[in-house]
Amino acid sequence: MNPPAEEPVFNEPWEAQAFAMVVKLHEGGAFTWNEWADILGAEIKSSDAPYCEHWLAALEKIVEAKGLISRMERLSRVDAWDRAAQATPHGQPIELTRS
Amino acid sequence: MPHDGHDHEHENSELSPIALRVKALESLLVEKGYVDPAALDVLIDTYETKIGPRNGAKVVAKAWTDPAFADWLKKDATAAIESVGYSGRQGEHMVAVFNTPEIHNMVVCTLCSCYPWPVLGLPPVWYKSPPYRSRAVIDPRSVLAEFGMTLAETTKVSVWDSTAEIRYLVIPMRPANTEGMSEEQLAAIVNRDSMIGTRLAG
């Protein structure tokens, strides 16, 4: 009669962030849940990547499709964070202004 | 802290490619005013600590002890579940499917992994896995056997495919020898998987 130990809700912090962004954007009316399910479903069908990576890829696609963030804007921001991280001494918070 | 034997090649920090992608999205969405960072933290905390299968277990225990509630659940699960305090963020329609000696219900989402978040929290890893998603529909009995459930030959299996609009909650059968138990005690014996239909309650 013992319930099984429940696994952690999120395995890594980024999973939680990606999850929360989708829920909040939906609540704010950025897209309908059907639109999200369509994009996520297509993403899942396209490869064998882990579920949370599908989730992230689908989020990148839907914000682009809805005109919230363009691809170039997103990629240059990824690059900016990468440079900021590498310019930050270990153990200190990473901030974009460092790049 | 003792040295872990890992050679640190970098004096400076490094973020994984995935963490970089998430940070890029989040910082842009925050700057543009589409999301509020504090609201993201509250949401994550809620899912980590407040929303989970215990919510569903309370619904099941109430259905076991209160026939009027069970009836309501059969007719309009969305409203009945909302009356206990759990409502969907996606405006999804809830359907409660009741296990009986004749019919065993199990839930899958073949397309992605639609799941009744308000009552069960976030889905377990196996629910999102391609083998479960594909095999639950084709050969539910063998999937159930892998979960350690052998059904009587005469029990029919109904597999419910969730969608973005309709989410299913399985109401497992009340175990024998639980007559004297309170609603609270009953809720404690309802496990998550029994509400997906891959395990018995108790």
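Every heavy atom of this structure was used, including side-chain atoms; hydrogens, water molecules and symmetry mates were not. All figures in this text were calculated on a predicted structure; none of them were measured in a lab. Here is how names work: the chains are called A, B, and so on, in the same order as the sequence lines, proteins then strands, and each is numbered from 1.
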Interface check, chain A: of B/Thr163, B/Leu20, B/Leu15, most non-hydrogen pairs under 4.5 Å belong to B/Leu20
Whatever's closer than 4.5 Å to a heavy atom in chain B on A/Val63 counts as side chain
Bottom line for A/Ala16: the part with an atom under 4.5 Å from chain B's heavy atoms is both
Given A/Thr32, A/Leu56, A/Asp48, the one with more heavy-atom pairs under 4.5 angstrom with chain B than any other is A/Leu56
- In this structure, are over 12 heavy atoms from other groups packed under 6.0 Å from B/Lys32 atom NZ? yes
Taking every heavy atom of A/Gln17 against every heavy atom of B/Leu40, the minimum-distance pair comes out as NE2-CD1, 4.2 Å
One should read off an interatomic distance between A/Glu15 CD and B/Ile44 CD1, to the nearest 0.5 angstrom, of 11.0 Å
Tell me if the CD atom of B/Glu153 is crowded by more than 12 foreign heavy atoms within 6.0 Å. no
Interatomic distance, OG@A/Ser76 vs CG@B/Leu28, rounded to 0.5 Å, equals 7.5 Å
So, the part of B/Lys23 with a heavy atom under 4.5 Å from chain A: the answer is both
Cut-off 4.5 Å, heavy atoms of chain A, and the answer for B/Asp36 is neither
Under 4.5 Å to a heavy atom of chain A? For B/Ile18 that would be both
To the nearest 0.5 Å, atom CD1 of A/Ile44 lies from atom CZ of B/Arg133 at 5.0 Å
For a side-chain contact (heavy atoms from CB on, under 4.5 Å) check, start with the C-alpha distance between B/Trp117 and A/Val23, then their side-chain angles and the critical distance, and finish with the verdict. CA-CA 11 Å; B/Trp117 296 357; A/Val23 172; 3.7 Å; yes
Rounded to the nearest 0.5 Å, the CG atom of B/Leu43 sits from the CZ atom of A/Phe19 at a distance of 5.5 Å
Ranked by heavy-atom pairs below 4.5 Å to chain A, first place among B/Ala39, B/Ser194, B/Ser129, B/Ala24 goes to B/Ala24
Practice task
Please lay out, stage by stage, how A/Glu53 and B/Arg21 fare under the test salt bridge (Lys or Arg N to Asp or Glu O under 4.0 Å).
Solution key: CA-CA 11 Å; A/Glu53 292 181 25; B/Arg21 285 162 64 193; 5.8 Å; no
Interface check, chain A: of B/Gly52, B/Pro17, B/Pro130, B/Ser27, most non-hydrogen pairs under 4.5 Å belong to B/Ser27
Which of A/Leu25, A/Ile69, A/Leu68 passes side chain to side chain contact (heavy atoms under 4.5 Å, CB included) with B/Leu25? It is A/Ile69
* Asked: Within a radius of less than 6.0 Å around CZ of B/Arg141, do more than 12 heavy atoms belonging to other residues, nucleotides or ligands occur?
  -> yes
Checked A/Ala42, A/Ala20, A/Ala18 vs chain B; the most non-hydrogen pairs under 4.5 Å come from A/Ala20
- prompt: Between the side chain of A/Trp14 and the main-chain N/O of B/Val22, is any donor-acceptor distance below 3.5 Å?
  reply: no
Turns out that what part of A/Glu73 lies under 4.5 Å from chain B's heavy atoms comes down to both
Discussion item. Check this for me: does any side-chain nitrogen of one of B/Glu26 and A/Lys24 sit under 4.0 Å from a carboxylate oxygen of the other?
Written reply: no
**Message:** Any heavy-atom pair between the side chains of A/Tyr51 and B/Val125 that's under 4.5 Å?
**Reply:** no
inquiry  = Please determine whether the number of non-hydrogen atoms from other residues, nucleotides or ligands lying under 6.0 Å from atom NZ of B/Lys156 exceeds 12.
reply    = no
